[in-house]
Every structure is written in C-alpha cells, then in structure tokens.
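Shown next, in structure tokens, is the structure this report addresses.
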Amino acid sequence: MLSPEELQLFRQRLYAMKAEYQEKVAVRSGRIGETAGSLPDYGDEAGDTVERMRAVPTLQCAEAILTLVQQAIRRIDQGTYGICMECNK
C-alpha cells in the first residue's frame, strides 16, 4: 500500500498531467474545428484539410490519456490507487 506522502506526490503529478492533456485536447480540437472555405485557393484548402486529418488521431490519443489520468485520480480519491484492477492485489 502506498503511503499518504506517495499518494500526494502521485496526485500532484496526475493533476499536472491532467492540465497538460486538457490543453492538448483543446488545441487539437480547435485545429480540427477550423472551417475550410475561408482559404484563398484549393492548394491552401487541401493542405488545411490534411492538417486537420492528421490532428484527429493525435486528438484521440490525448483524449484517451486524459481519460486514464482522470481515472487514476478517481482511484486515489476512492482509496484504490495502486491496487491491481484485475486481481485486487
């Protein structure tokens, strides 16, 4: 079992990661949500479309990591952090 000091250290690290990934999700969501059509020509529009398409997997990865971090924080709050979720040891 982890000591209260260790749990606090992990909690601080997880909250820092949470903030970092919330920012990444916000930035990448903005890139994907940018509207095409306001660009001057088809070449610019095509390049913008490619950039938005590349941002989707990165956004999905950042969202997945953010979810895992939030789950870890929840387990700390519930007193189950550090216990195997499969065998409960």
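Residues take their numbers from the sequence shown, with the count starting at 1.
- Between Met17 atom CE and Leu66 atom CG the span is 9.5 Å, to the nearest 0.5 Å.
- Shown here are the salt bridge (charged side-chain N to carboxylate O under 4.0 Å, His left out) partners of Glu63, two or more places apart in sequence or in another chain: there are none.
- A single hydrophobic cluster is not seen to contain both Leu68 and Tyr81; linkage of ILVMFWY side chains at heavy-atom distances under 4.5 Å, directly or through other members, places them apart.
- Here the CD atom belonging to Gln70 is positioned 12.0 Å from the CZ atom belonging to Arg75, to the nearest 0.5 angstrom.
- In plain terms, the two heavy atoms of Leu2 and Gly82 that are nearest each other are CD1-CA, 4.5 Å.
- Taking CD from Gln71 and CD from Gln78, the interatomic distance works out to 10.5 Å, rounded to the nearest 0.5 Å.
- No side-chain heavy atom of Thr80 sits less than 4.5 Å from a side-chain heavy atom of Met85.
- Distance check, rounded to the nearest 0.5 Å: CD of Gln8 to CD of Glu6 gives 12.0 Å.
- Seen from the ring of Tyr15, Lys18 does not count as a face-on cation partner, given the 6.0 Å and 45° thresholds.
- With hydrophobic clusters built from ILVMFWY side chains whose heavy atoms lie under 4.5 angstrom apart, Ile83 does not share a cluster with Ile73.
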